[in-house]
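Report on one structure; see the data block that follows.
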Amino acid sequence: MRYYIPTEVFFEKDCVRNHGAELARYGKKCLIVTGRNSSRRNGALQDVADTLKQAGILYEIFDQIEENPSIETVMEARKTGLLAQAEFVVGIGGGSPLDAAKAIALMIANPDADESVLYRKTELSALPVVAVPTTAGTGSEATPYSILTIHKEQTKRSIAHKIFPALALADAKYLAFAPRNVIVNTAIDTLAHLIESNLNTNADAYNRIFSEQGMIRWAKTKDALMSGELTETDYENLMIASTIGGMAISHTSTSLPHGLSYMLTYHFGTPHGKAVGVFLPGYLRFCAGKDMAAAGNVLALLGFSDLNAFEEWIFKLLGEVTIPADMWEQNVELILRNPAKLANVPYPVGRDEISAMYRTQN
Ligand code: NAP
Ligand code: FE
């Protein structure tokens, strides 16, 4: 067994403003990487800017990170980072800016390299990354993954480099500004990380600490997610579960629901959490067919009486997604050619079983 999370993580109210000293450790100039709007509205950008100023750190802002960030955007942001002579990168936002920040930090540290190094397994270092999550979520603040959209291949994939943020400053207060659909979709992404990490070939006694504790925490927010009436405590539980979910998948990686989701996001623009969530009932049903005790443990930790209750709940929350039959077939073929994802499924799985993972919603 192996445990490895080299990120220093703080979780508290006003977290960014409380940790100027930690930020100052990474240099005198930095690049802030964020989305187009939300970090201005929820106060996270202001918190970071004020804290950097107070610590005497110069910064430049790149605020053009789109949802499901592309290689092209990463390369564009590198230009800004190089001009600013950035010594570290601060990512502010949901998983998209955080993932982009990691890839940008790699490209700035290797100014002569072209984009092909992103997907080449080479020993390259990246600038230190500081992550300020504003969704709960991807857990990207505590994972080494950076998932980018590859337009040439019409899909998304994690880059070949593992880049853990050096520092993560998590504060649930930003969640209060997020619209209901963002809260719901990102909470389901966390749920998927916890389930896919727990029912995973790489699951062990070390990383189950994360997936199981994360599920217990996440379960407390279930009713509020459905009603849409979330309290400060709910936001805190979601943020904690999200970071813990990141710690869980850092050790196990994700499994089939994530692997199957990328096509939905690329072709239909389905938000990441929803695209993953619609495959969770099928995945759980498949796992239950192989080992009822393991799947039953997951359902119990999440507070669902059985598989049908889970399925009903999640589709009520997310709504249905219709996938054209030929596209679904194509997607199943694609995943069958992805040995890394299949290797994470804890039981032998073939074409028929994967195909059946989506019929459950009809
Ligand atoms: P996101 O794409 O980062 O953001 C979704 C939307 O939410 C954007 O419109 C964003 O606005 C807005 N937003 C973010 N925080 C907000 C807040 N506090 N209040 C109001 N609006 C807010 O969504 P995400 O689900 O967090 O990230 C998805 C990405 O992460 C995908 O690319 C996925 O593949 C990746 N991912 C990474 C990992 C990992 O381990 N690294 C794991 C799972 C998923 P702005 O654009 O204006 O900021
Ligand atoms: Fe995810």
Side-chain angles (χ1 to χ4, degrees), residues 5 7 32-45 47 61-71 73-74 91-103 129 131-150 155-159 161-165 168 170-197 230 235 238-239 242-243 245-255 257-262 264-266 269-277 279-280:
I5 302 279
T7 307
I32 296 177
V33 167
T34 189
R36 296 198 176 103
N37 301 299
S38 69
S39 67
R40 285 198 172 79
R41 284 202 307 264
N42 63 39
L45 182 60
D47 284 345
I61 302 174
F62 183 88
D63 63 359
Q64 295 299 310
I65 305 295
E66 72 277 44
E67 292 184 36
N68 310 296
S70 64
I71 293 173
T73 303
V74 165
I92 310 173
S96 296
L98 301 195
D99 280 14
K102 297 173 189 174
V129 173
V132 180
T134 67
T135 63
T138 66
S140 180
E141 65 276 14
T143 78
Y145 310 125
S146 165
I147 294 132
L148 301 182
T149 296
I150 312 172
T155 189
K156 298 170 56 177
R157 197 146 27 89
S158 199
I159 64 171
H161 307 268
K162 296 210 158 169
I163 303 168
F164 274 103
D171 188 339
K173 74 178 179 186
Y174 304 128
L175 299 182
F177 295 83
R180 177 169 155 72
N181 65 321
V182 169
I183 292 290
V184 164
N185 293 332
T186 51
I188 295 299
D189 188 23
T190 291
L191 173 68
H193 297 161
L194 297 166
I195 293 177
E196 291 176 52
S197 171
L230 290 104
Y235 289 134
L238 284 173
M239 189 58 98
S242 170
T243 305
M247 293 170 176
I249 57 167
S250 290
H251 293 93
T252 60
S253 186
T254 53
S255 182
H258 267 72
L260 291 167
S261 77
Y262 297 132
L264 274 187
T265 297
Y266 192 88
T270 312
H272 174 68
K274 180 171 180 171
V276 169
F279 298 116
L280 286 176

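Side chains are part of it too, since the values below use all heavy atoms of this structure and drop only hydrogens, waters and symmetry mates. Atoms within a ligand are numbered from 1 in the order they appear, just like the ligands themselves.
Ligand 1 has an N or O atom lying under 3.5 Å from an N or O atom of T135, backbone or side chain. Between S140 and ligand 1, at least one pair of N/O atoms sits closer than 3.5 Å. Between S146 and ligand 1, not a single N/O pair is under 3.5 Å apart. Inclusion of G95 in the set of residues having an N or O under 3.5 Å from an N or O of ligand 1 is warranted. Close N/O approach between N42 and ligand 1 is found [any backbone or side-chain N/O within under 3.5 Å]. For the pair H193 and ligand 1, the shortest N or O to N or O distance does not fall below 3.5 Å.
Around atom 6 (C) of ligand 1, the closest heavy atom drawn from E67, K102, K173 belongs to E67. Taking only non-hydrogen atoms, the option from L98, T34, T134, V276 nearest to atom 18 (N) of ligand 1 is T134.
Atom CD1 of I195 and atom OG1 of T254 lie 13.0 Å apart (nearest 0.5 Å). Between the CG atom of L98 and the OG1 atom of T135 there is a distance of 7.0 Å, given to the nearest 0.5 Å. Atom OH of Y174 sits about 9.0 Å away from atom OG1 of T134, to the nearest 0.5 Å. Taking CG of L194 as the start and OG1 of T252 as the end, the distance is 9.5 Å to the nearest 0.5 Å. To the nearest 0.5 Å, the span separating CE on M247 from OG1 on T143 amounts to 11.0 Å.
With sequence neighbours left out, the side chain to side chain contact (heavy atoms under 4.5 Å, CB included) criterion links S158 to Y145, I147.
Atom 37 (C) of ligand 1 has D99 OD2, 3.0 Å as its closest protein atom, hydrogens excluded (heavy atom only). The protein atom (non-hydrogen) at minimum distance from atom 38 (C) of ligand 1 is I147 CD1, 3.6 Å. Distance from atom 7 (O) of ligand 1 to its nearest protein heavy atom, with residue and atom name: V182 CG2, 3.6 Å. In this structure, the protein non-hydrogen atom closest to atom 1 (P) of ligand 1 is S96 OG, 3.4 Å. From the protein, the heavy atom lying nearest to atom 22 (C) of ligand 1 is S38 CB, 3.3 Å.
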**Asked** Taking it one step at a time, do Y266 and N68 satisfy side chain to side chain contact (heavy atoms under 4.5 Å, CB included)?
**Response** CA-CA 9 Å; Y266 192 88; N68 310 296; over 6 Å; no

**Message:** Does I159 form a side chain to side chain contact (heavy atoms under 4.5 Å, CB included) with K102? I'd like the steps, not just the answer.
**Reply:** CA-CA 10 Å; I159 64 171; K102 297 173 189 174; 5.6 Å; no

**Request:** Applying side chain to side chain donor-acceptor pair (under 3.5 Å), run through E141 and T7 and close with a yes or a no.
**Result:** CA-CA 8 Å; E141 65 276 14; T7 307; over 6 Å; no

**Message:** Applying side chain to side chain contact (heavy atoms under 4.5 Å, CB included) to D189 and N185, what does each step give before you reach the verdict?
**Reply:** CA-CA 6 Å; D189 188 23; N185 293 332; over 6 Å; no

**Request:** Mind running side chain to side chain contact (heavy atoms under 4.5 Å, CB included) on I61 and L45 for me, showing each step along the way?
**Result:** CA-CA 9 Å; I61 302 174; L45 182 60; 4.2 Å; yes

**Request:** Carefully, step by step, assess K156 and D99 under the rule salt bridge (charged side-chain N to carboxylate O under 4.0 Å, His left out).
**Result:** CA-CA 12 Å; K156 298 170 56 177; D99 280 14; over 6 Å; no

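The proximity of H272 to ligand 1, defined as any non-hydrogen pair under 4.0 Å, is limited to the side chain. At a 4.0 Å heavy-atom cut-off, ligand 1 touches T143 through the side chain alone. Contacts between N37 and ligand 1 below 4.0 angstrom, taking non-hydrogen atoms only, involve backbone and side chain alike. Residue T186 touches ligand 1 through its side chain alone, judged by heavy-atom distances below 4.0 Å. At a heavy-atom cutoff of 4.0 Å, ligand 1 is contacted by the side chain of K156 but not by its backbone. Neither the backbone nor the side chain of T265 comes within 4.0 Å of ligand 1, counting heavy atoms alone. Contact annotation: for N68 versus ligand 1, heavy atoms closer than 4.0 Å belong to both the backbone and the side chain.
Below 4.0 Å from some heavy atom of G35 lie the following atoms of ligand 1, by number and element: 46 (O), 48 (O). Near G94, with a cut-off below 4.0 Å to any heavy atom, the atoms of ligand 1 are 3 (O), 26 (O). Of all the atoms in ligand 1, the ones that sit under 4.0 Å from a non-hydrogen atom of F177 are 19 (N), 20 (C). Interface of A178 with ligand 1, defined as ligand atoms under 4.0 Å from a residue heavy atom, comprises 17 (C), 19 (N), 20 (C).
Inter-residue side-chain proximity for I32 and I92 is flagged as met; some heavy-atom pair is nearer than 4.5 Å. Counting heavy atoms from C-beta on, the side chains of L280 and E196 come closer than 4.5 Å. Here the side chains of P133 and S140 are not in contact, with every heavy-atom distance at 4.5 Å or above. Proximity of I5 to H251: side-chain heavy atoms (C-beta onward) are separated by under 4.5 Å at one or more points. Taking the side chain as every heavy atom from C-beta outward, T186 and L175 never approach each other to under 4.5 Å.
Contact detail for A100 and V33: the closest heavy-atom pair is CB-CG1, 4.5 Å.
Aromatic ring orientation, H193 versus H272: tilted (interplanar angle from 30° to 60°).
Taking 2.8 Å as the limit, the number of protein N, O or S atoms around the Fe ion (ligand 2) is 4.
The shortest heavy-atom distance from P179 to ligand 1 is under 4.0 Å. Heavy-atom distances between P97 and ligand 1 reach below 4.0 Å in at least one pair.
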